[in-house]
Amino acid sequence: METTPLHQLKKIAFYQDELVIIVHPKHPLLKVKDLKELEHYDYYSREKGSSIYELVHSYFISHDLDIVPTIECTNPHALIELVKQNDGFSILPYSLVKESKEITYLKNNDFQIQRTYHIVMHKDKKLLPLYQEIFELIKKE
């Protein structure tokens, strides 16, 4: 999109996801409510530049949490494995971790990060029927 002005584009939301704090099922954090407690544990993060890193980092700053990644990783499945084996935590999309039986996530109303995925296209273009079907299937999940 080198020269297309933004006013000529439209975006269509097609999927929403939330980020969750994951820990192993016997983690001490499951018994606390204060997110400040996260500061006392290792944080396994996605890499700088990833959308998850940027969203979480902004959240930490805006909520005055002094949390610096212990490990940064490009592979979310490696982060899940770290959480399974250690007392640290990670923050990943719920859609990625919901099926894992060896980890759990903190249920805390103070922690809410949502992401919306969009199709971005020229305002005068129509979505091909095949792509429309694909996005409708994704919406149903």
Side-chain angles (χ1 to χ4, degrees), residues 1-2 4-141:
M1 297 190 340
E2 291 176 31
T4 304
L6 291 178
H7 72 277
Q8 291 183 1
L9 300 176
K10 70 177 176 181
K11 66 181 186 175
I12 304 166
F14 72 93
Y15 183 72
Q16 190 168 27
D17 197 6
E18 67 178 312
L19 299 182
V20 293
I21 302 168
I22 62 168
V23 294
H24 67 73
K26 294 181 181 176
H27 200 287
L29 282 171
L30 292 169
K31 296 178 183 168
V32 299
K33 298 289 182 207
D34 188 358
L35 290 177
K36 276 291 219 191
E37 289 297 314
L38 293 172
E39 295 177 348
H40 304 291
Y41 295 92
D42 289 338
Y43 170 47
Y44 312 129
S45 172
R46 288 295 311 261
E47 76 285 1
K48 273 186 186 146
S50 72
S51 64
I52 291 174
Y53 180 95
E54 300 304 327
L55 286 168
V56 172
H57 184 70
S58 293
Y59 180 90
F60 289 163
I61 290 170
S62 68
H63 289 79
D64 198 29
L65 295 170
D66 186 22
I67 300 173
V68 177
T70 308
I71 295 174
E72 290 182 18
C73 185
T74 59
N75 185 332
H77 298 288
L79 295 173
I80 293 169
E81 288 302 315
L82 281 166
V83 166
K84 286 180 187 178
Q85 304 299 321
N86 296 286
D87 278 339
F89 69 96
S90 190
I91 299 175
L92 293 170
Y94 175 73
S95 61
L96 180 68
V97 300
K98 68 182 177 184
E99 302 297 324
S100 180
K101 302 208 183 325
E102 297 176 52
I103 60 166
T104 190
Y105 59 96
L106 299 182
K107 295 169 182 75
N108 188 308
N109 292 335
D110 294 333
F111 183 84
Q112 294 183 349
I113 300 177
Q114 302 248 336
R115 305 186 299 172
T116 302
Y117 293 84
H118 296 87
I119 303 167
V120 178
M121 55 193 284
H122 193 278
K123 67 179 182 137
D124 296 330
K125 299 290 180 181
K126 296 233 184 263
L127 199 58
L128 294 174
L130 174 62
Y131 293 119
Q132 185 65 42
E133 284 182 47
I134 291 170
F135 292 118
E136 289 302 320
L137 286 172
I138 292 170
K139 282 182 188 180
K140 289 179 184 177
E141 290 217 1

(message) With heavy-atom distances below 4.5 Å as the criterion, would you say the side chains of Glu18 and Ile113 are in contact?
(response) no
(request) Could you tell me the separation between the CG atom of Leu92 and the CG atom of Asp17, rounded to the nearest 0.5 Å? (result) 10.0 Å
(request) For residues Asn108 and Asp110, report the shortest heavy-atom separation together with the two atoms involved. (result) OD1-N, 2.7 Å
(message) If the condition is side-chain contact (heavy atoms from CB on, under 4.5 Å), which residues does Glu133 pass it with, not counting sequence neighbours?
(response) none
(message) Within the structure provided, determine whether Lys107 and Leu30 are in side-chain contact (heavy-atom separation under 4.5 Å).
(response) no
(message) For His7 versus Lys123, what's the shortest heavy-atom pair and its separation?
(response) O-CD, 3.8 Å
(message) Please determine whether side-chain contact (heavy atoms from CB on, under 4.5 Å) holds for the pair Ile103 and Val23, giving the CA-CA distance in whole Å, both sets of side-chain angles, and the decisive distance to 0.1 Å.
(response) CA-CA 6 Å; Ile103 60 166; Val23 294; over 6 Å; no
(request) Identify the heavy atoms of His27 and Leu29 that sit nearest to each other, and give their distance. (result) ND1-N, 2.9 Å
(request) Only counting residues at least two apart or in another chain, list the ones meeting side-chain hydrogen bond (donor to acceptor under 3.5 Å, both in side chains) with Ser100. (result) none
Quick one: side chains of residues 83-90, donor-acceptor pairs under 3.5 Å with protein atoms, not counting sequence neighbours, listed by atom name and distance.
{"from": "Lys84", "atom 1": "NZ", "to": "Glu81", "atom 2": "OE2", "distance (Å)": "3.0"}
{"from": "Asn86", "atom 1": "ND2", "to": "Leu82", "atom 2": "O", "distance (Å)": "2.9"}
{"from": "Asp87", "atom 1": "OD1", "to": "His24", "atom 2": "NE2", "distance (Å)": "3.0"}
{"from": "Ser90", "atom 1": "OG", "to": "Tyr44", "atom 2": "O", "distance (Å)": "2.7"}

(request) Taking the side chain as every heavy atom from C-beta outward, state whether Ile71 and Tyr43 have any pair of such atoms under 4.5 Å apart. (result) no
(message) Would you compute the distance between atom CZ of Arg115 and atom CG of Leu55 and round it to the nearest 0.5 angstrom?
(response) 7.0 Å
(request) Indicate the atoms forming the closest heavy-atom contact of Ser50 with Arg46, along with that distance. (result) OG-CB, 3.4 Å
(message) Can you give me the closest heavy-atom contact between Tyr59 and Leu65, atom names plus distance?
(response) CE2-CD1, 4.1 Å
(request) List for me each residue that meets side-chain hydrogen bond (donor to acceptor under 3.5 Å, both in side chains) alongside Gln114, sequence neighbours excluded, and say none if there are none. (result) Gln16
(request) Could you walk me through whether Lys10 and Ile119 pass side-chain contact (heavy atoms from CB on, under 4.5 Å), step by step? (result) CA-CA 8 Å; Lys10 70 177 176 181; Ile119 303 167; over 6 Å; no
(request) Would you indicate whether the side-chain heavy atoms of Lys98 and Pro93 approach each other to under 4.5 Å? (result) no
(message) Ring centroids only, cut at 6.0 angstrom: are His118 and Tyr15 within range, meaning strictly under it?
(response) no
(request) Check Pro25 against Thr104 and note the closest heavy-atom contact, atom names and distance. (result) CA-CG2, 3.9 Å
(message) For a 4.5 angstrom cut-off between non-hydrogen side-chain atoms, does Phe60 reach Leu35?
(response) no
(message) Any non-hydrogen side-chain atom of Leu106 less than 4.5 Å from a side-chain atom of Phe111?
(response) no
(request) Please check if atom NZ in Lys36 has more than 12 non-hydrogen atoms from other residues, nucleotides or ligands closer than 6.0 Å. (result) yes
(message) Using the side-chain hydrogen bond (donor to acceptor under 3.5 Å, both in side chains) criterion, which residues pair with Glu54? Sequence neighbours excluded.
(response) none
For residues 72-80, which side-chain donor-acceptor pairs fall under 3.5 Å, sequence neighbours excluded?
{"from": "Glu72", "atom 1": "OE1", "to": "Lys48", "atom 2": "N", "distance (Å)": "3.4"}
{"from": "Asn75", "atom 1": "OD1", "to": "His77", "atom 2": "N", "distance (Å)": "2.8"}
{"from": "Asn75", "atom 1": "OD1", "to": "Ala78", "atom 2": "N", "distance (Å)": "3.3"}

(request) In sequence, state the C-alpha distance, the side-chain angles, and the governing distance for Ile22 and Ile91, and then conclude on side-chain contact (heavy atoms from CB on, under 4.5 Å). (result) CA-CA 6 Å; Ile22 62 168; Ile91 299 175; over 6 Å; no
